[in-house]
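As structure tokens, the structure follows; a few thoughts come after it.
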Amino acid sequence: MELNSPLSKRLLIAAQVLALIVYAAALQFLIHTTGGTLFVFTTAAPVLIAVAMIMLGGVLVHHYRRSHSLFVFATFEPGQIVFRQGDEGDCAYFIHSGEVEVLQEEGGKQKPVAVLGKGEYFGEASLIGSAPRNATVRAASRTRAAVLGKDNFLTLLSLMPATQEDVMQRVKERAMKQAAR
Amino acid sequence: MNVFQQDPVDYYGSRFLAVLIVAGIALVLYSLIRYRGRAAGPVPWGVLLAGVAVLPILVTSAGTVLALQRAERVEFCASCHLTMKPFVDDMKNPKSGSLASLHYANRYIADNQCYVCHTSYGLFGTFEAKKEGLHDVFAYYTRSFHLPVKLKHPYPNGDCLKCHGESVKWLASHADFKDQVFSGELSCLQCHAVKTPAHSVALLK
């Protein structure tokens, strides 16, 4: 699950809807206290809060683990989306085997702009610029990639100036290619 | 209820709860509209946690205190114990002459009249009353009750004596048999149910 993936968004929205139901039950109890409104407020509301907190906690822990991941290997099946253009960036990917397609949206259509293979990396631009993903990445074949969380990626760059230079050069080249299109 | 009879827990508790509810709804709506399920950075997470976790916990905690307070009201009892409505009406009728009506009309019991007379002293009194009350609600909704409704157990003297037992006037007027009343040998209702029944007898028919 990518940071701010559709599932993550749905879980957070569902948790907020549950919280609104709790507030509505509390308001109903406050305005019109009867056995029924008290029963709903004192029994159903705590259950809804517990469910909402589990949803929230799950997404929070997932976000934390993603942004602090240290070369955790992930496998993507052909056609599987690694992340989408516009998503919040939380990690960079280093391809161990397989290939991915880089797609950019133009006029509502996705246009392939690059194919990346073994030894290459992607997803670094949004971590450096703290910007949303500028392209969608889809696995072209069965791909195995090492995932490096944002915090660790930035620490790595600050500790290794040569690597930082290489990454910045790569980001610059890609930006120029994108501008040329 | 005039300003001198407001219960402070209810008065301030309900206002505090209202503020928490409004703040919670505002935070959740702001988060839904502003972030639309996205959460990146401390501010969106802070708003989310406050609206979905912290404030709802505070609302249920404050609400529980208020619930315990409001669950003692006559209106609250009558909202579930629907077969008791004629008894509540009788209590509020100053012409009834029943014990309940006399206590109500003369403000011998200022408020929460059902709770005061039908709940024994202490925490377990409340627990017992709620346990019996739940059974009554079940009987009402399953239509398994029989009219006229009657007390399940003989009315305990302790429920009268928790107020009257230390009254100098009562001790003087009941001096001859107070020991029997305290021991339960003699029921209060043995004498009082004849001329002044707890609730008007006419309603029981």
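Here is how names work: the chains are called A, B, and so on, in the same order as the sequence lines, proteins then strands, and each is numbered from 1.
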Would you give the length of the straight line joining atom CG of L27(A) to atom CD1 of I25(B), rounded to the nearest 0.5 angstrom? 5.5 Å
Scored by heavy-atom pairs under 4.5 Å with chain A, the best of G13(B), A53(B), G24(B) is G24(B)
Name the option with the most non-hydrogen atom pairs under 4.5 Å to chain A; the candidates are L27(B), L32(B), L29(B). L32(B)
Does CE belonging to M84(B) count more than 12 external heavy atoms closer than 6.0 Å? yes
Atom pair OG (S14(B)) and CD1 (I31(A)), whose distance is rounded to the nearest 0.5 Å: 11.0 Å
Just so I understand: if I count every heavy-atom pair under 4.5 Å between each of V28(B), L66(B), L20(B) and chain A, which residue has the most? V28(B)
Is the closest side-chain heavy-atom distance between V22(B) and Y23(A) below 4.5 Å? no
With the side chain counted from C-beta on, respond yes when F41(A) and V59(B) share a heavy-atom pair under 4.5 Å apart, and no when they do not. yes
Relative to chain B, which of L48(A), V22(A), L56(A) shows the most heavy atom pairs under 4.5 Å? L56(A)
Please flag which part of L55(B) lies under 4.5 Å from any non-hydrogen atom of chain A: side chain, backbone, both or neither. both
Taking everything shown except E165(A) itself, do over 12 heavy atoms lie less than 6.0 Å from its CD? no
Is the closest side-chain heavy-atom distance between L38(A) and R70(B) below 4.5 Å? no
CZ/F145(B): more than 12 non-hydrogen atoms of other groups inside 6.0 Å: yes
Answer yes or no: does atom NE2 of H103(B) have more than 12 heavy-atom neighbours from other residues, nucleotides or ligands under 6.0 Å? yes
Turns out that what part of A18(B) lies under 4.5 Å from chain A's heavy atoms comes down to both
So does F124(B) have more than 12 non-hydrogen atoms from other groups sitting under 6.0 Å from CZ? no
Minimal non-hydrogen separation, Q16(A) against V52(B), with atom names: CG-CG2, 3.6 Å
Criterion side-chain contact (heavy atoms from CB on, under 4.5 Å) on W45(B) and V59(A), from CA distance to verdict: CA-CA 11 Å; W45(B) 270 112; V59(A) 175; 4.0 Å; yes
Y155(B) atom OH, neighbour heavy-atom count above 12 within 6.0 Å: yes
How about E173(A): does its CD atom have over 12 heavy atoms from other parts shown lying under 6.0 Å from it? yes
Shorter than 4.5 Å, heavy atoms on both sides: which option in V17(A), L20(A), I49(A), L30(A) has the most such pairs with chain B? L30(A)
Shortest non-hydrogen contact between P56(B) and A19(A), atoms and distance: CG-CB, 4.5 Å
Closer than 3.5 angstrom, by distance alone: can the side chain of T60(B) be matched with the main-chain N or O of P46(A) as a donor-acceptor pair? no
Gap between atom OH of Y35(B) and atom NZ of K9(A) - 0.5 Å precision: 15.0 Å
Between CD1 of I13(A) and CZ of R36(B), what distance do you get to the nearest 0.5 Å? 9.0 Å
